[in-house]
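We name chains A, B, ... by the order of the sequence lines, and we start the count at 1 in each one.
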There are 2 protein chains.
Amino acid sequence: MQYQAKVIIELKLGMLDPEAITAKRALGHLGYDISSLKTAKLYEIVIEAESLDIAQHKVEEMCQKLIANPIIHNYTIKLQELN
Amino acid sequence: MQYQAKVIIELKLGMLDPEAITAKRALGHLGYDISSLKTAKLYEIVIEAESLDIAQHKVEEMCQKLIANPIIHNYTIKLQELN
(Lines give C-alpha, C1' and ligand atoms only; values in the text may rest on other atoms or scores of the structure.)
Protein backbone atom coordinates (compact mmCIF):
# COMPACT_ATOMS: atom_id res chain seq x y z
CA MET A 1 0.00 0.00 0.00
CA GLN A 2 1.16 3.54 -0.72
CA TYR A 3 0.91 6.34 1.79
CA GLN A 4 1.48 10.06 1.38
CA ALA A 5 3.07 11.90 4.29
CA LYS A 6 3.09 15.69 4.57
CA VAL A 7 5.84 16.59 6.99
CA ILE A 8 6.15 20.15 8.29
CA ILE A 9 9.55 21.04 9.77
CA GLU A 10 9.42 24.16 11.95
CA LEU A 11 12.03 25.89 14.05
CA LYS A 12 11.53 25.45 17.79
CA LEU A 13 10.33 28.43 19.80
CA GLY A 14 13.18 30.82 20.48
CA MET A 15 15.27 29.70 17.50
CA LEU A 16 16.37 32.54 15.24
CA ASP A 17 14.68 32.55 11.80
CA PRO A 18 16.74 35.00 9.70
CA GLU A 19 14.75 34.29 6.53
CA ALA A 20 11.51 35.24 8.29
CA ILE A 21 13.06 38.38 9.80
CA THR A 22 14.32 39.46 6.36
CA ALA A 23 11.03 38.72 4.58
CA LYS A 24 9.02 40.56 7.27
CA ARG A 25 11.26 43.62 7.03
CA ALA A 26 11.22 43.61 3.21
CA LEU A 27 7.41 43.32 3.13
CA GLY A 28 7.27 46.20 5.64
CA HIS A 29 9.37 48.30 3.25
CA LEU A 30 6.87 47.46 0.47
CA GLY A 31 4.09 48.91 2.63
CA TYR A 32 2.50 45.76 4.09
CA ASP A 33 1.51 45.72 7.74
CA ILE A 34 2.74 42.29 8.88
CA SER A 35 1.99 41.27 12.48
CA SER A 36 4.09 38.10 12.32
CA LEU A 37 5.81 35.89 9.79
CA LYS A 38 7.18 32.38 10.25
CA THR A 39 8.80 30.03 7.77
CA ALA A 40 8.79 26.25 7.69
CA LYS A 41 9.82 23.48 5.35
CA LEU A 42 7.36 21.02 3.86
CA TYR A 43 8.22 17.51 2.67
CA GLU A 44 5.71 15.47 0.69
CA ILE A 45 6.80 11.86 0.82
CA VAL A 46 5.13 8.85 -0.79
CA ILE A 47 6.18 5.54 0.73
CA GLU A 48 5.33 1.88 0.52
CA ALA A 49 4.17 0.33 3.82
CA GLU A 50 1.99 -2.54 5.02
CA SER A 51 -0.29 -0.37 7.17
CA LEU A 52 -0.91 3.23 8.29
CA ASP A 53 0.79 2.53 11.64
CA ILE A 54 3.92 1.18 9.96
CA ALA A 55 3.97 4.15 7.57
CA GLN A 56 3.66 6.57 10.51
CA HIS A 57 6.50 4.82 12.33
CA LYS A 58 8.73 4.90 9.23
CA VAL A 59 8.15 8.61 8.59
CA GLU A 60 8.85 9.45 12.25
CA GLU A 61 12.13 7.53 11.99
CA MET A 62 13.03 9.44 8.80
CA CYS A 63 12.38 12.76 10.57
CA GLN A 64 14.54 11.79 13.54
CA LYS A 65 17.37 10.34 11.46
CA LEU A 66 17.58 12.71 8.53
CA ILE A 67 14.85 15.23 7.71
CA ALA A 68 14.68 17.20 10.96
CA ASN A 69 17.33 18.28 13.42
CA PRO A 70 15.74 17.44 16.79
CA ILE A 71 17.82 20.08 18.58
CA ILE A 72 16.31 22.98 16.66
CA HIS A 73 13.23 21.59 14.86
CA ASN A 74 9.72 20.43 15.68
CA TYR A 75 7.98 18.27 13.13
CA THR A 76 4.36 17.44 12.34
CA ILE A 77 3.33 14.47 10.19
CA LYS A 78 0.02 14.20 8.32
CA LEU A 79 -0.45 10.82 6.73
CA GLN A 80 -3.03 9.54 4.26
CA GLU A 81 -3.52 6.42 2.19
CA LEU A 82 -3.19 6.83 -1.56
CA ASN A 83 -5.57 5.02 -3.91
CA MET B 1 -9.11 42.46 11.77
CA GLN B 2 -6.22 39.98 11.77
CA TYR B 3 -5.89 37.19 9.23
CA GLN B 4 -3.52 34.27 9.12
CA ALA B 5 -2.28 33.16 5.71
CA LYS B 6 -0.55 29.84 5.13
CA VAL B 7 1.36 30.16 1.87
CA ILE B 8 2.91 27.10 0.25
CA ILE B 9 5.64 27.82 -2.31
CA GLU B 10 6.34 24.85 -4.57
CA LEU B 11 8.62 24.40 -7.54
CA LYS B 12 6.79 24.23 -10.87
CA LEU B 13 6.59 20.89 -12.64
CA GLY B 14 9.84 20.11 -14.42
CA MET B 15 11.97 22.33 -12.16
CA LEU B 16 14.94 20.56 -10.63
CA ASP B 17 14.67 20.04 -6.84
CA PRO B 18 18.21 19.05 -5.74
CA GLU B 19 17.27 18.99 -2.05
CA ALA B 20 14.50 16.47 -2.75
CA ILE B 21 16.79 14.34 -4.94
CA THR B 22 19.44 14.27 -2.19
CA ALA B 23 16.96 13.51 0.61
CA LYS B 24 15.34 10.72 -1.44
CA ARG B 25 18.70 9.12 -2.18
CA ALA B 26 19.89 9.45 1.43
CA LEU B 27 16.66 7.88 2.76
CA GLY B 28 17.11 5.09 0.21
CA HIS B 29 20.60 4.44 1.60
CA LEU B 30 19.05 4.23 5.09
CA GLY B 31 16.78 1.46 3.82
CA TYR B 32 13.52 3.32 3.21
CA ASP B 33 11.51 2.58 0.09
CA ILE B 34 10.51 6.08 -1.08
CA SER B 35 8.26 6.30 -4.15
CA SER B 36 8.50 10.08 -4.41
CA LEU B 37 9.67 13.05 -2.38
CA LYS B 38 8.97 16.73 -2.96
CA THR B 39 9.96 19.77 -0.93
CA ALA B 40 8.17 23.09 -0.52
CA LYS B 41 8.46 26.20 1.59
CA LEU B 42 5.73 27.29 3.98
CA TYR B 43 5.14 30.87 5.12
CA GLU B 44 2.74 31.61 7.97
CA ILE B 45 1.87 35.29 7.78
CA VAL B 46 -0.42 37.25 10.12
CA ILE B 47 -1.64 40.52 8.62
CA GLU B 48 -4.03 43.35 9.40
CA ALA B 49 -6.76 43.85 6.79
CA GLU B 50 -10.30 45.19 6.61
CA SER B 51 -11.81 42.03 5.12
CA LEU B 52 -10.96 38.51 3.96
CA ASP B 53 -10.99 39.64 0.30
CA ILE B 54 -8.53 42.45 1.00
CA ALA B 55 -6.30 40.10 2.98
CA GLN B 56 -6.35 37.58 0.10
CA HIS B 57 -5.45 40.31 -2.38
CA LYS B 58 -2.59 41.57 -0.18
CA VAL B 59 -1.09 38.11 0.31
CA GLU B 60 -1.28 37.40 -3.44
CA GLU B 61 0.56 40.65 -4.09
CA MET B 62 3.23 39.70 -1.52
CA CYS B 63 3.73 36.35 -3.27
CA GLN B 64 4.08 37.97 -6.68
CA LYS B 65 6.37 40.76 -5.49
CA LEU B 66 8.61 39.04 -3.00
CA ILE B 67 7.85 35.61 -1.57
CA ALA B 68 7.62 33.52 -4.74
CA ASN B 69 9.52 33.63 -8.01
CA PRO B 70 6.73 33.33 -10.62
CA ILE B 71 9.13 31.87 -13.19
CA ILE B 72 9.89 28.76 -11.13
CA HIS B 73 7.28 28.66 -8.33
CA ASN B 74 3.60 27.93 -7.87
CA TYR B 75 1.96 29.20 -4.71
CA THR B 76 -1.15 28.26 -2.75
CA ILE B 77 -2.72 30.54 -0.15
CA LYS B 78 -4.97 29.35 2.70
CA LEU B 79 -6.46 32.22 4.63
CA GLN B 80 -8.38 32.32 7.90
CA GLU B 81 -9.59 34.99 10.27
CA LEU B 82 -7.92 35.09 13.67
CA ASN B 83 -9.96 35.74 16.81
| query | Is A/Y75 reachable from A/Y3 through a run of I, L, V, M, F, W or Y residues, each pair having side-chain heavy atoms under 4.5 Å apart? | reply | yes

| request: Answer yes if the side chains of B/Y32 and A/E48 hold a donor-acceptor pair under 3.5 Å, and no otherwise. | output: no

| message | According to a hydrophobic-cluster definition based on side-chain heavy atoms being under 4.5 Å apart (Ile, Leu, Val, Met, Phe, Trp, Tyr only), do B/I71 and B/L11 belong together? | response | yes

| Are A/V46 and A/I77 in one and the same hydrophobic cluster, where Ile, Leu, Val, Met, Phe, Trp and Tyr link if side-chain heavy atoms are under 4.5 Å apart? | no

| task | Examine whether an atom of A/L66 lies under 4.5 Å from a heavy atom of chain B, and if so say whether it belongs to the side chain, the backbone or both; otherwise answer neither. | result | side chain

| query | Atom CD of A/Q2 and atom OG of B/S36: how far apart are they, to the nearest 0.5 Å? | reply | 8.0 Å

| request: Tell me, for A/I9 versus chain B, whether the close heavy atoms (under 4.5 Å) come from the side chain, the backbone, both or neither. | output: neither

| field | NZ on A/K41 to CD on B/E19, rounded to 0.5 Å | value | 3.5 Å

| Can you tell me how far CD1 of A/I45 sits from CG of B/L27, rounded to the nearest 0.5 angstrom? | 6.5 Å

| query | Is atom CE of B/M1 surrounded by more than 12 heavy atoms (other residues, nucleotides or ligands) closer than 6.0 Å? | reply | no

| request: Considering only heavy atoms and a distance below 4.5 Å, find which of A/V7, A/I8, A/L30, A/T39 pairs most often with chain B. | output: A/T39

| said: Does any backbone or side-chain atom of A/K24 lie under 4.5 Å from a heavy atom of chain B? Answer side chain, backbone, both or neither. | reply: neither

| Going hydrophobic residue to hydrophobic residue with side-chain gaps under 4.5 angstrom, can you get from B/I67 over to B/L42? | no

| ILVMFWY cluster, B/I54 and B/L52 together (side-chain gap under 4.5 Å) | no

| said: Under 4.5 Å from any heavy atom of chain B, what part of A/E61 do you find: side chain, backbone, both or neither? | reply: both

| query | Any chance NZ of B/K6 has more than 12 other-residue heavy atoms, nucleotides or ligands included, within less than 6.0 Å? | reply | no

